[in-house]
Amino acid sequence: MSPKFCSLLFILLVIISSFINPSQSRKYQKHKPCKRLVLYMHDVMFDGHNTANATDAIIANPTKLSSYKFGEFAVYDDPVTVDDNLLSPPVARAQGFYFYDMKTTYNAWLAVSLVFNSTEHKGTITFLGADMMDDATRDIPVVGGTGDFFMTRGIATVSTDLFQGASYFRLKMDVKLYECY
Amino acid sequence: MSPKFCSLLFILLVIISSFINPSQSRKYQKHKPCKRLVLYMHDVMFDGHNTANATDAIIANPTKLSSYKFGEFAVYDDPVTVDDNLLSPPVARAQGFYFYDMKTTYNAWLAVSLVFNSTEHKGTITFLGADMMDDATRDIPVVGGTGDFFMTRGIATVSTDLFQGASYFRLKMDVKLYECY
Amino acid sequence: MSPKFCSLLFILLVIISSFINPSQSRKYQKHKPCKRLVLYMHDVMFDGHNTANATDAIIANPTKLSSYKFGEFAVYDDPVTVDDNLLSPPVARAQGFYFYDMKTTYNAWLAVSLVFNSTEHKGTITFLGADMMDDATRDIPVVGGTGDFFMTRGIATVSTDLFQGASYFRLKMDVKLYECY
(Lines give C-alpha, C1' and ligand atoms only; values in the text may rest on other atoms or scores of the structure.)
Protein backbone atom coordinates (compact mmCIF):
# COMPACT_ATOMS: atom_id res chain seq x y z
CA MET A 1 0.00 0.00 0.00
CA SER A 2 1.45 3.33 -1.04
CA PRO A 3 1.72 6.41 1.16
CA LYS A 4 -0.60 8.12 -1.34
CA PHE A 5 -3.31 5.61 -0.62
CA CYS A 6 -2.89 6.12 3.11
CA SER A 7 -3.28 9.89 2.64
CA LEU A 8 -6.45 9.27 0.68
CA LEU A 9 -7.69 7.18 3.60
CA PHE A 10 -7.03 10.09 5.92
CA ILE A 11 -8.94 12.54 3.73
CA LEU A 12 -11.87 10.14 3.55
CA LEU A 13 -11.82 9.91 7.31
CA VAL A 14 -12.04 13.68 7.69
CA ILE A 15 -14.92 13.90 5.21
CA ILE A 16 -16.84 11.16 6.99
CA SER A 17 -16.25 12.80 10.37
CA SER A 18 -17.98 15.93 9.14
CA PHE A 19 -21.14 13.94 8.42
CA ILE A 20 -21.43 12.36 11.85
CA ASN A 21 -24.23 13.53 14.21
CA PRO A 22 -23.10 13.67 17.80
CA SER A 23 -26.27 12.76 19.69
CA GLN A 24 -26.29 15.71 22.07
CA SER A 25 -26.20 18.51 19.55
CA ARG A 26 -27.15 17.79 15.98
CA LYS A 27 -26.79 20.65 13.52
CA TYR A 28 -29.26 20.89 10.68
CA GLN A 29 -28.99 23.32 7.87
CA LYS A 30 -31.89 25.52 8.91
CA HIS A 31 -32.31 27.01 5.48
CA LYS A 32 -32.06 23.71 3.63
CA PRO A 33 -35.10 21.52 4.33
CA CYS A 34 -35.04 18.04 2.79
CA LYS A 35 -38.61 18.68 1.58
CA ARG A 36 -40.69 21.84 1.31
CA LEU A 37 -44.37 22.35 0.55
CA VAL A 38 -46.12 25.70 0.19
CA LEU A 39 -49.88 25.26 0.59
CA TYR A 40 -53.04 27.19 1.43
CA MET A 41 -55.89 26.01 3.62
CA HIS A 42 -59.33 27.55 3.18
CA ASP A 43 -61.60 27.68 6.21
CA VAL A 44 -65.30 28.45 5.76
CA MET A 45 -67.09 28.86 9.10
CA PHE A 46 -70.44 27.19 9.63
CA ASP A 47 -73.11 29.82 10.39
CA GLY A 48 -76.05 27.45 10.76
CA HIS A 49 -77.17 27.82 7.14
CA ASN A 50 -74.20 27.27 4.80
CA THR A 51 -74.05 23.49 5.18
CA ALA A 52 -72.95 23.00 1.58
CA ASN A 53 -69.91 25.29 1.80
CA ALA A 54 -68.89 25.27 5.46
CA THR A 55 -65.80 23.29 6.48
CA ASP A 56 -65.37 24.45 10.09
CA ALA A 57 -67.76 24.34 13.05
CA ILE A 58 -67.52 25.89 16.51
CA ILE A 59 -68.08 23.29 19.21
CA ALA A 60 -67.54 25.52 22.27
CA ASN A 61 -68.55 29.17 22.41
CA PRO A 62 -66.22 31.89 23.68
CA THR A 63 -66.18 32.47 27.44
CA LYS A 64 -66.81 35.83 29.11
CA LEU A 65 -63.16 36.16 30.08
CA SER A 66 -62.42 38.53 27.19
CA SER A 67 -63.76 40.00 23.99
CA TYR A 68 -61.18 38.17 21.88
CA LYS A 69 -63.11 34.89 21.70
CA PHE A 70 -61.12 33.37 24.63
CA GLY A 71 -62.18 29.74 24.77
CA GLU A 72 -63.93 29.46 21.41
CA PHE A 73 -63.07 26.00 20.10
CA ALA A 74 -63.54 24.88 16.48
CA VAL A 75 -62.93 21.71 14.48
CA TYR A 76 -62.51 21.65 10.72
CA ASP A 77 -61.91 19.66 7.55
CA ASP A 78 -60.58 22.26 5.10
CA PRO A 79 -59.55 21.96 1.47
CA VAL A 80 -55.87 22.63 0.79
CA THR A 81 -54.65 24.10 -2.50
CA VAL A 82 -51.30 25.03 -4.01
CA ASP A 83 -52.40 28.59 -4.77
CA ASP A 84 -54.58 31.00 -2.84
CA ASN A 85 -57.75 30.34 -4.82
CA LEU A 86 -60.50 28.62 -2.84
CA LEU A 87 -61.81 27.15 -6.07
CA SER A 88 -58.54 25.55 -7.19
CA PRO A 89 -58.50 21.74 -7.13
CA PRO A 90 -57.62 20.61 -3.60
CA VAL A 91 -54.35 18.64 -3.26
CA ALA A 92 -54.98 17.70 0.38
CA ARG A 93 -57.32 18.19 3.34
CA ALA A 94 -56.37 19.98 6.54
CA GLN A 95 -58.05 18.37 9.55
CA GLY A 96 -57.81 19.36 13.19
CA PHE A 97 -58.85 21.93 15.74
CA TYR A 98 -58.01 25.38 17.07
CA PHE A 99 -59.10 27.55 19.94
CA TYR A 100 -58.58 31.16 21.00
CA ASP A 101 -56.70 31.63 24.25
CA MET A 102 -55.73 35.23 24.92
CA LYS A 103 -57.47 38.05 26.75
CA THR A 104 -55.82 41.03 25.08
CA THR A 105 -55.69 40.04 21.42
CA TYR A 106 -56.66 37.26 19.00
CA ASN A 107 -54.31 34.40 19.67
CA ALA A 108 -54.79 30.70 18.99
CA TRP A 109 -53.50 27.21 19.65
CA LEU A 110 -53.96 24.87 16.73
CA ALA A 111 -53.43 21.31 15.55
CA VAL A 112 -53.35 20.56 11.82
CA SER A 113 -53.05 17.22 10.04
CA LEU A 114 -52.46 17.59 6.32
CA VAL A 115 -54.00 14.54 4.67
CA PHE A 116 -52.65 13.74 1.19
CA ASN A 117 -54.26 11.13 -1.03
CA SER A 118 -53.23 11.87 -4.61
CA THR A 119 -50.93 10.37 -7.19
CA GLU A 120 -48.27 12.86 -6.09
CA HIS A 121 -48.42 12.33 -2.31
CA LYS A 122 -49.99 9.81 0.03
CA GLY A 123 -49.71 10.24 3.77
CA THR A 124 -50.05 12.82 6.51
CA ILE A 125 -48.08 15.64 8.14
CA THR A 126 -49.10 16.85 11.61
CA PHE A 127 -48.11 20.16 13.20
CA LEU A 128 -49.44 21.75 16.39
CA GLY A 129 -48.78 24.38 19.04
CA ALA A 130 -49.19 28.04 19.91
CA ASP A 131 -50.20 30.32 17.03
CA MET A 132 -49.40 33.96 17.87
CA MET A 133 -51.81 35.50 15.40
CA ASP A 134 -50.47 39.03 15.86
CA ASP A 135 -47.19 38.00 14.25
CA ALA A 136 -47.12 38.19 10.46
CA THR A 137 -45.59 34.70 10.32
CA ARG A 138 -45.57 32.06 13.05
CA ASP A 139 -43.50 28.90 13.31
CA ILE A 140 -45.37 25.77 14.42
CA PRO A 141 -43.49 22.50 15.03
CA VAL A 142 -44.17 19.55 12.70
CA VAL A 143 -44.25 16.63 15.15
CA GLY A 144 -44.82 13.64 12.90
CA GLY A 145 -45.86 12.16 9.61
CA THR A 146 -46.98 8.99 7.88
CA GLY A 147 -46.83 7.44 4.40
CA ASP A 148 -44.67 9.53 2.07
CA PHE A 149 -43.89 11.65 5.12
CA PHE A 150 -42.98 8.70 7.38
CA MET A 151 -41.50 9.91 10.68
CA THR A 152 -40.90 13.44 9.40
CA ARG A 153 -40.23 16.49 11.57
CA GLY A 154 -39.82 20.17 10.78
CA ILE A 155 -41.38 23.61 10.95
CA ALA A 156 -44.60 24.92 9.43
CA THR A 157 -44.43 28.67 8.99
CA VAL A 158 -48.02 29.89 8.82
CA SER A 159 -49.47 33.27 8.00
CA THR A 160 -53.04 34.47 7.87
CA ASP A 161 -53.26 35.22 4.21
CA LEU A 162 -56.82 36.52 4.38
CA PHE A 163 -59.28 37.00 7.23
CA GLN A 164 -62.91 37.79 6.50
CA GLY A 165 -64.46 38.26 9.93
CA ALA A 166 -66.38 35.24 11.18
CA SER A 167 -67.01 33.69 7.77
CA TYR A 168 -63.72 32.79 6.03
CA PHE A 169 -59.99 32.72 6.55
CA ARG A 170 -57.10 31.47 4.48
CA LEU A 171 -53.88 30.23 6.03
CA LYS A 172 -50.67 30.10 4.03
CA MET A 173 -48.51 27.20 5.19
CA ASP A 174 -44.83 27.00 4.31
CA VAL A 175 -44.03 23.48 5.51
CA LYS A 176 -40.29 22.82 5.81
CA LEU A 177 -39.30 19.27 6.65
CA TYR A 178 -35.80 18.74 8.08
CA GLU A 179 -36.05 15.02 8.78
CA CYS A 180 -36.92 12.88 5.76
CA TYR A 181 -36.71 9.10 5.81
CA MET B 1 2.13 -2.01 10.22
CA SER B 2 1.56 -4.17 7.20
CA PRO B 3 -0.18 -3.12 3.98
CA LYS B 4 -2.67 -5.88 4.76
CA PHE B 5 -3.65 -4.12 7.96
CA CYS B 6 -4.05 -0.83 6.11
CA SER B 7 -6.40 -2.54 3.67
CA LEU B 8 -8.41 -3.88 6.56
CA LEU B 9 -8.60 -0.34 7.94
CA PHE B 10 -9.99 0.81 4.61
CA ILE B 11 -12.67 -1.88 4.58
CA LEU B 12 -13.66 -0.97 8.14
CA LEU B 13 -13.96 2.64 7.02
CA VAL B 14 -16.34 1.70 4.23
CA ILE B 15 -18.49 -0.39 6.56
CA ILE B 16 -18.67 2.40 9.12
CA SER B 17 -19.59 4.92 6.40
CA SER B 18 -22.64 2.85 5.58
CA PHE B 19 -23.88 3.24 9.17
CA ILE B 20 -23.61 7.00 9.26
CA ASN B 21 -26.82 9.07 9.18
CA PRO B 22 -26.43 12.15 7.05
CA SER B 23 -28.64 14.66 8.83
CA GLN B 24 -30.75 15.60 5.83
CA SER B 25 -32.02 12.17 4.88
CA ARG B 26 -31.93 9.36 7.40
CA LYS B 27 -33.04 5.95 6.23
CA TYR B 28 -34.80 3.66 8.68
CA GLN B 29 -35.70 0.09 8.02
CA LYS B 30 -39.44 0.65 7.71
CA HIS B 31 -40.25 -2.97 8.29
CA LYS B 32 -37.92 -3.42 11.26
CA PRO B 33 -39.10 -1.44 14.27
CA CYS B 34 -36.82 -1.47 17.33
CA LYS B 35 -39.90 -2.24 19.43
CA ARG B 36 -43.40 -3.37 18.56
CA LEU B 37 -46.55 -3.68 20.65
CA VAL B 38 -49.90 -5.01 19.47
CA LEU B 39 -52.67 -3.89 21.81
CA TYR B 40 -56.43 -3.37 21.94
CA MET B 41 -58.25 -0.45 23.54
CA HIS B 42 -61.85 -0.90 24.64
CA ASP B 43 -64.08 2.16 24.65
CA VAL B 44 -67.43 2.06 26.44
CA MET B 45 -69.48 5.22 25.83
CA PHE B 46 -71.23 6.88 28.76
CA ASP B 47 -74.99 6.98 28.16
CA GLY B 48 -75.97 8.70 31.39
CA HIS B 49 -76.66 5.46 33.24
CA ASN B 50 -73.71 3.08 32.86
CA THR B 51 -71.38 4.87 35.29
CA ALA B 52 -69.81 1.61 36.44
CA ASN B 53 -68.77 0.43 32.97
CA ALA B 54 -68.38 3.59 30.90
CA THR B 55 -64.85 4.79 30.07
CA ASP B 56 -65.60 7.54 27.54
CA ALA B 57 -67.77 10.66 27.80
CA ILE B 58 -68.91 13.14 25.17
CA ILE B 59 -68.11 16.71 26.22
CA ALA B 60 -69.36 18.53 23.11
CA ASN B 61 -72.34 17.39 21.07
CA PRO B 62 -72.24 17.11 17.27
CA THR B 63 -72.99 20.28 15.32
CA LYS B 64 -75.68 20.60 12.67
CA LEU B 65 -73.08 20.76 9.89
CA SER B 66 -73.58 17.10 8.97
CA SER B 67 -75.15 13.84 10.01
CA TYR B 68 -71.76 12.23 10.66
CA LYS B 69 -71.33 13.64 14.18
CA PHE B 70 -69.18 16.55 12.89
CA GLY B 71 -67.88 18.28 15.99
CA GLU B 72 -68.72 15.63 18.56
CA PHE B 73 -65.84 15.63 21.04
CA ALA B 74 -65.13 12.88 23.57
CA VAL B 75 -62.53 12.20 26.26
CA TYR B 76 -61.74 8.74 27.59
CA ASP B 77 -59.71 6.54 29.92
CA ASP B 78 -59.93 3.11 28.32
CA PRO B 79 -58.52 -0.24 29.41
CA VAL B 80 -55.88 -1.72 27.07
CA THR B 81 -55.43 -5.46 26.67
CA VAL B 82 -53.13 -7.75 24.67
CA ASP B 83 -56.03 -9.63 23.10
CA ASP B 84 -59.43 -8.49 21.91
CA ASN B 85 -61.33 -9.51 25.03
CA LEU B 86 -62.72 -6.59 27.03
CA LEU B 87 -62.52 -8.73 30.17
CA SER B 88 -58.84 -9.66 29.81
CA PRO B 89 -56.56 -8.13 32.44
CA PRO B 90 -55.57 -4.62 31.28
CA VAL B 91 -51.85 -4.07 30.62
CA ALA B 92 -52.19 -0.30 30.16
CA ARG B 93 -54.70 2.55 29.99
CA ALA B 94 -55.38 4.61 26.87
CA GLN B 95 -56.11 8.24 27.77
CA GLY B 96 -56.90 11.12 25.46
CA PHE B 97 -59.56 12.59 23.21
CA TYR B 98 -61.09 12.33 19.77
CA PHE B 99 -63.57 14.26 17.69
CA TYR B 100 -65.42 13.72 14.44
CA ASP B 101 -64.57 16.19 11.68
CA MET B 102 -66.02 15.24 8.31
CA LYS B 103 -69.30 16.06 6.60
CA THR B 104 -69.57 13.12 4.21
CA THR B 105 -68.45 10.18 6.34
CA TYR B 106 -67.31 9.20 9.83
CA ASN B 107 -63.80 10.56 10.20
CA ALA B 108 -61.90 11.46 13.35
CA TRP B 109 -58.88 13.23 14.80
CA LEU B 110 -57.54 11.56 17.89
CA ALA B 111 -54.86 11.79 20.57
CA VAL B 112 -53.93 8.69 22.56
CA SER B 113 -51.50 8.32 25.45
CA LEU B 114 -50.83 4.72 26.36
CA VAL B 115 -50.04 4.66 30.08
CA PHE B 116 -48.10 1.59 31.26
CA ASN B 117 -47.57 0.84 34.95
CA SER B 118 -46.79 -2.84 35.28
CA THR B 119 -43.76 -4.97 36.03
CA GLU B 120 -43.26 -5.36 32.29
CA HIS B 121 -43.48 -1.72 31.21
CA LYS B 122 -43.50 1.64 32.95
CA GLY B 123 -43.96 4.82 30.96
CA THR B 124 -46.09 6.35 28.23
CA ILE B 125 -46.38 6.42 24.43
CA THR B 126 -48.32 9.25 22.76
CA PHE B 127 -49.66 9.26 19.22
CA LEU B 128 -52.02 11.74 17.59
CA GLY B 129 -53.38 13.01 14.28
CA ALA B 130 -55.98 12.43 11.59
CA ASP B 131 -57.80 9.09 11.74
CA MET B 132 -59.42 8.30 8.39
CA MET B 133 -61.98 5.86 9.71
CA ASP B 134 -63.07 4.69 6.25
CA ASP B 135 -59.66 3.10 5.72
CA ALA B 136 -59.29 -0.43 7.08
CA THR B 137 -55.99 0.56 8.70
CA ARG B 138 -54.71 4.04 9.43
CA ASP B 139 -51.21 5.20 10.35
CA ILE B 140 -50.97 7.73 13.18
CA PRO B 141 -47.58 9.24 14.14
CA VAL B 142 -46.12 8.40 17.55
CA VAL B 143 -44.73 11.77 18.67
CA GLY B 144 -43.15 10.99 22.02
CA GLY B 145 -42.71 8.74 24.99
CA THR B 146 -41.52 8.60 28.58
CA GLY B 147 -40.08 6.02 31.00
CA ASP B 148 -39.33 2.75 29.21
CA PHE B 149 -40.34 4.56 26.02
CA PHE B 150 -38.12 7.61 26.65
CA MET B 151 -38.04 9.89 23.59
CA THR B 152 -39.51 7.25 21.28
CA ARG B 153 -41.04 7.93 17.86
CA GLY B 154 -42.81 5.72 15.34
CA ILE B 155 -46.11 4.79 13.79
CA ALA B 156 -49.28 3.40 15.37
CA THR B 157 -51.32 1.51 12.81
CA VAL B 158 -54.87 1.47 14.11
CA SER B 159 -57.96 -0.36 12.91
CA THR B 160 -61.50 -0.37 14.21
CA ASP B 161 -61.69 -3.94 15.31
CA LEU B 162 -65.32 -3.72 16.38
CA PHE B 163 -67.88 -0.92 16.34
CA GLN B 164 -71.17 -1.31 18.19
CA GLY B 165 -73.06 1.86 17.38
CA ALA B 166 -72.96 4.48 20.09
CA SER B 167 -72.12 2.11 22.94
CA TYR B 168 -68.78 0.35 22.38
CA PHE B 169 -65.83 0.24 20.03
CA ARG B 170 -62.55 -1.62 20.07
CA LEU B 171 -59.43 -0.24 18.43
CA LYS B 172 -56.58 -2.54 17.46
CA MET B 173 -53.26 -0.69 17.77
CA ASP B 174 -50.10 -2.00 16.12
CA VAL B 175 -47.51 0.33 17.63
CA LYS B 176 -44.18 0.25 15.79
CA LEU B 177 -41.38 2.25 17.38
CA TYR B 178 -38.45 3.19 15.13
CA GLU B 179 -36.50 5.31 17.59
CA CYS B 180 -35.59 3.54 20.84
CA TYR B 181 -33.17 5.03 23.34
CA MET C 1 3.83 7.23 5.42
CA SER C 2 5.06 5.70 8.65
CA PRO C 3 3.48 2.84 10.54
CA LYS C 4 3.00 5.39 13.34
CA PHE C 5 0.68 7.40 11.12
CA CYS C 6 -1.31 4.31 10.24
CA SER C 7 -1.73 3.58 13.96
CA LEU C 8 -3.00 7.11 14.44
CA LEU C 9 -5.50 6.47 11.66
CA PHE C 10 -6.68 3.38 13.51
CA ILE C 11 -7.15 5.30 16.77
CA LEU C 12 -9.13 8.01 14.93
CA LEU C 13 -11.31 5.31 13.44
CA VAL C 14 -12.12 3.90 16.87
CA ILE C 15 -12.95 7.36 18.24
CA ILE C 16 -15.23 8.15 15.31
CA SER C 17 -16.99 4.80 15.63
CA SER C 18 -17.96 5.65 19.18
CA PHE C 19 -19.77 8.79 17.96
CA ILE C 20 -21.87 7.06 15.36
CA ASN C 21 -25.63 6.68 15.95
CA PRO C 22 -26.93 3.41 14.59
CA SER C 23 -30.40 4.39 13.41
CA GLN C 24 -32.27 1.63 15.21
CA SER C 25 -31.11 2.32 18.74
CA ARG C 26 -29.66 5.68 19.63
CA LYS C 27 -28.38 6.09 23.17
CA TYR C 28 -28.75 9.46 24.84
CA GLN C 29 -27.29 10.35 28.18
CA LYS C 30 -30.57 10.46 30.08
CA HIS C 31 -29.13 12.55 32.87
CA LYS C 32 -27.32 15.01 30.62
CA PRO C 33 -29.80 17.17 28.71
CA CYS C 34 -28.31 19.59 26.16
CA LYS C 35 -30.56 22.30 27.64
CA ARG C 36 -32.55 22.51 30.85
CA LEU C 37 -35.11 25.03 32.06
CA VAL C 38 -36.86 25.02 35.44
CA LEU C 39 -39.99 27.15 35.30
CA TYR C 40 -43.30 27.68 37.08
CA MET C 41 -46.67 28.28 35.44
CA HIS C 42 -49.40 30.05 37.40
CA ASP C 43 -52.99 29.23 36.56
CA VAL C 44 -55.81 31.45 37.86
CA MET C 45 -59.24 30.00 37.07
CA PHE C 46 -61.96 32.28 35.73
CA ASP C 47 -64.95 32.30 38.10
CA GLY C 48 -67.11 34.71 36.13
CA HIS C 49 -65.96 37.78 38.06
CA ASN C 50 -62.14 37.88 38.18
CA THR C 51 -61.63 39.00 34.58
CA ALA C 52 -58.56 41.06 35.48
CA ASN C 53 -56.64 38.21 37.12
CA ALA C 54 -57.97 35.04 35.51
CA THR C 55 -55.79 33.25 32.94
CA ASP C 56 -57.74 29.99 32.47
CA ALA C 57 -61.35 29.37 31.44
CA ILE C 58 -63.43 26.20 31.43
CA ILE C 59 -65.02 25.63 28.02
CA ALA C 60 -66.74 22.30 28.75
CA ASN C 61 -68.21 21.36 32.12
CA PRO C 62 -67.54 18.03 33.77
CA THR C 63 -69.79 15.13 32.79
CA LYS C 64 -71.81 13.04 35.22
CA LEU C 65 -69.52 10.06 34.73
CA SER C 66 -67.63 10.72 37.97
CA SER C 67 -67.08 13.19 40.75
CA TYR C 68 -63.48 13.85 39.64
CA LYS C 69 -64.38 16.42 36.96
CA PHE C 70 -64.25 13.77 34.19
CA GLY C 71 -64.61 15.71 30.95
CA GLU C 72 -63.99 19.22 32.26
CA PHE C 73 -61.98 20.98 29.56
CA ALA C 74 -60.08 24.24 30.06
CA VAL C 75 -57.90 26.53 27.93
CA TYR C 76 -55.37 28.96 29.37
CA ASP C 77 -52.72 31.59 28.78
CA ASP C 78 -50.67 31.52 31.98
CA PRO C 79 -47.67 33.59 33.07
CA VAL C 80 -44.45 31.61 33.52
CA THR C 81 -41.81 32.62 36.05
CA VAL C 82 -38.39 31.33 37.14
CA ASP C 83 -39.40 31.12 40.79
CA ASP C 84 -42.66 30.12 42.46
CA ASN C 85 -43.92 33.67 43.03
CA LEU C 86 -46.99 34.57 40.96
CA LEU C 87 -45.91 38.20 41.07
CA SER C 88 -42.38 37.66 39.71
CA PRO C 89 -41.77 39.08 36.23
CA PRO C 90 -42.94 36.51 33.66
CA VAL C 91 -40.23 35.09 31.38
CA ALA C 92 -42.70 33.27 29.11
CA ARG C 93 -46.37 32.40 28.63
CA ALA C 94 -47.78 28.87 28.85
CA GLN C 95 -50.61 28.40 26.35
CA GLY C 96 -52.70 25.31 25.74
CA PHE C 97 -55.43 23.13 27.16
CA TYR C 98 -56.10 20.36 29.64
CA PHE C 99 -58.99 18.13 30.58
CA TYR C 100 -59.77 15.66 33.35
CA ASP C 101 -60.24 12.06 32.24
CA MET C 102 -60.44 9.63 35.12
CA LYS C 103 -63.35 8.27 37.15
CA THR C 104 -61.54 7.29 40.34
CA THR C 105 -59.15 10.20 40.90
CA TYR C 106 -58.06 13.55 39.49
CA ASN C 107 -56.12 12.78 36.35
CA ALA C 108 -55.49 15.00 33.32
CA TRP C 109 -54.30 15.13 29.73
CA LEU C 110 -52.59 18.38 28.87
CA ALA C 111 -50.91 20.29 26.06
CA VAL C 112 -48.55 23.15 26.88
CA SER C 113 -46.74 25.52 24.54
CA LEU C 114 -44.16 27.65 26.33
CA VAL C 115 -43.92 30.91 24.39
CA PHE C 116 -40.69 32.87 24.95
CA ASN C 117 -40.24 36.40 23.66
CA SER C 118 -37.45 38.01 25.67
CA THR C 119 -33.87 39.05 25.09
CA GLU C 120 -32.80 35.72 26.59
CA HIS C 121 -35.04 33.36 24.60
CA LYS C 122 -37.25 33.63 21.53
CA GLY C 123 -39.28 30.66 20.38
CA THR C 124 -41.57 27.93 21.65
CA ILE C 125 -41.41 24.52 23.32
CA THR C 126 -44.45 22.21 23.13
CA PHE C 127 -45.12 19.20 25.36
CA LEU C 128 -48.29 17.15 25.65
CA GLY C 129 -49.74 13.87 26.89
CA ALA C 130 -51.16 12.07 29.91
CA ASP C 131 -50.64 13.79 33.26
CA MET C 132 -51.09 11.33 36.13
CA MET C 133 -51.83 13.90 38.80
CA ASP C 134 -51.59 11.39 41.65
CA ASP C 135 -47.87 10.97 41.01
CA ALA C 136 -45.64 13.51 42.71
CA THR C 137 -43.78 14.07 39.44
CA ARG C 138 -44.93 13.17 35.92
CA ASP C 139 -42.91 12.99 32.70
CA ILE C 140 -44.55 14.54 29.65
CA PRO C 141 -42.88 14.27 26.21
CA VAL C 142 -41.60 17.46 24.56
CA VAL C 143 -42.62 16.93 20.93
CA GLY C 144 -41.28 20.01 19.19
CA GLY C 145 -39.93 23.53 19.31
CA THR C 146 -39.30 26.64 17.26
CA GLY C 147 -36.91 29.62 17.25
CA ASP C 148 -34.17 29.13 19.85
CA PHE C 149 -35.67 25.71 20.45
CA PHE C 150 -35.79 24.73 16.76
CA MET C 151 -36.74 21.05 16.34
CA THR C 152 -36.09 20.23 20.00
CA ARG C 153 -37.31 17.10 21.81
CA GLY C 154 -37.11 15.98 25.41
CA ILE C 155 -39.02 15.46 28.62
CA ALA C 156 -40.90 17.94 30.81
CA THR C 157 -41.10 16.68 34.37
CA VAL C 158 -44.06 18.46 35.95
CA SER C 159 -45.29 18.57 39.53
CA THR C 160 -48.26 20.31 41.07
CA ASP C 161 -46.40 22.73 43.26
CA LEU C 162 -49.56 24.22 44.79
CA PHE C 163 -53.24 23.52 44.32
CA GLN C 164 -55.84 25.88 45.77
CA GLY C 165 -59.14 24.22 44.97
CA ALA C 166 -60.93 25.64 41.96
CA SER C 167 -59.17 29.00 41.99
CA TYR C 168 -55.41 28.64 41.49
CA PHE C 169 -52.72 26.07 40.80
CA ARG C 170 -49.01 26.29 40.19
CA LEU C 171 -47.16 23.76 38.06
CA LYS C 172 -43.41 23.32 38.40
CA MET C 173 -41.90 22.34 35.04
CA ASP C 174 -38.42 20.85 34.79
CA VAL C 175 -37.92 20.91 31.02
CA LYS C 176 -35.02 18.72 29.88
CA LEU C 177 -34.15 18.94 26.20
CA TYR C 178 -32.12 16.06 24.74
CA GLU C 179 -32.12 17.15 21.11
CA CYS C 180 -30.72 20.62 20.49
CA TYR C 181 -29.95 21.93 17.01
Side-chain angles (χ1 to χ4, degrees), chain B residues 1-3 5-6 8-10 12-13 16 19-21 23 26-29 32-35 46 48 50-52 54-60 73-77 93-97 111-115 117 123-126 128 143-147 149-153 178-181, chain C residues 1-7 9-10 13-14 16-17 19-28 30 59-66 70-73 97 99-104 107-109 111 126-132 135 138-144 153-157 178-179 181:
Chain B
M1 192 170 276
S2 70
F5 187 75
C6 248
L8 189 73
L9 254 182
F10 181 72
L12 265 172
L13 210 72
I16 286 168
F19 275 97
I20 290 173
N21 300 325
S23 61
R26 290 188 288 165
K27 295 278 168 228
Y28 281 61
Q29 291 172 272
K32 263 202 173 173
C34 47
K35 198 171 280 184
F46 181 49
N50 58 344
T51 313
T55 59
D56 176 321
I58 294 167
I59 65 166
F73 194 110
V75 311
Y76 57 85
D77 169 34
R93 307 294 301 183
Q95 301 180 341
F97 66 93
V112 180
S113 289
L114 297 174
V115 180
N117 188 15
T124 66
I125 296 171
T126 294
L128 52 79
V143 298
T146 64
F149 308 101
F150 176 75
M151 295 274 288
T152 200
R153 298 186 75 228
Y178 297 93
E179 295 196 11
C180 302
Y181 294 89
Chain C
M1 189 170 276
S2 68
K4 224 176 182 174
F5 186 75
C6 251
S7 301
L9 254 181
F10 180 72
L13 209 72
V14 170
I16 287 167
S17 306
F19 276 98
I20 289 172
N21 300 325
S23 61
Q24 293 292 321
S25 174
R26 290 187 291 166
K27 295 278 167 227
Y28 281 61
K30 290 201 183 184
I59 66 166
N61 288 317
T63 66
K64 284 171 181 158
L65 183 46
S66 92
F70 195 111
E72 185 176 296
F73 194 110
F97 66 93
F99 55 87
Y100 294 94
D101 62 357
M102 216 158 169
K103 285 199 291 186
T104 52
N107 193 75
W109 202 101
T126 294
F127 56 92
L128 52 79
D131 177 15
M132 282 73 70
D135 296 347
R138 295 86 74 177
D139 282 355
I140 318 277
V142 174
V143 298
R153 299 187 75 229
I155 300 288
T157 302
Y178 296 93
E179 294 196 12
Y181 294 88

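A quick note: this is a predicted structure, and the numbers were derived from the prediction, not measured.
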Which pair of heavy atoms, one from Thr146(B) and one from Asp139(C), lies closest together, and at what distance? CG2-O, 3.4 Å
Which portion of Val115(B) sits near chain C, non-hydrogen atoms under 4.5 angstrom: side chain
When the 4.5 angstrom heavy-atom criterion is applied to Ala52(B) and chain C, the contacting part is backbone
Taking C-beta and beyond as the side chain, do Leu128(B) and Leu128(C) meet within less than 4.5 Å on heavy atoms? yes
Pairing residues for Asp56(B) by the salt bridge (charged side-chain N to carboxylate O under 4.0 Å, His left out) criterion, not counting sequence neighbours: none
Does Arg153(C) reach the side chain of Glu179(B), with side-chain heavy atoms less than 4.5 Å apart? yes
Mark yes or no for whether Lys64(C), through its side chain, and Thr51(B), through its backbone, hold a donor-acceptor pair below 3.5 Å. no
Any side-chain heavy atom of Met132(C) sitting closer than 4.5 Å to one from Thr124(B)? yes
Looking at Ala130(C) and Ser113(B), what are the two nearest heavy atoms and their distance? N-OG, 3.2 Å
If the condition is side-chain contact (heavy atoms from CB on, under 4.5 Å), which residues does Asp131(C) pass it with, not counting sequence neighbours? Ala108(C), Leu110(C), Met133(C), Arg138(C), Ile140(C), Val158(C)
Between Leu65(C) and Ala57(B), what is the shortest heavy-atom contact and its length? CD2-CB, 4.0 Å
What pair of heavy atoms forms the shortest contact from Trp109(C) to Thr126(B), and how long is it? CZ2-CG2, 4.3 Å
Quick one: does Gln95(B)'s side chain get under 4.5 Å of Asn107(C)'s, heavy atoms only? yes
List the atom of Gly71(C), the atom of Val75(B), and the distance in Å for their closest heavy-atom pair. CA-CG2, 3.8 Å
Aromatic contact between Phe73(C) and Phe97(B), with the criterion being ring centroids under 6.0 Å apart: yes or no? no
Whatever's closer than 4.5 Å to a heavy atom in chain B on Tyr100(C) counts as backbone
What do you reckon, are the aromatic ring centroids of Tyr178(C) and Phe150(B) less than 6.0 Å apart? yes
Of all of Ala111(B), Gly145(B), Ala60(B), Gly123(B), which one pairs up most often with chain C through heavy atoms under 4.5 Å apart? Gly145(B)
Working to the nearest 0.5 Å, report the span between CD1 of Ile59(B) and CG of Asp101(C). 10.5 Å
Can you say whether Tyr76(B) sits under 4.5 Å from chain C via the side chain, the backbone, both, or neither, judging by heavy atoms? backbone
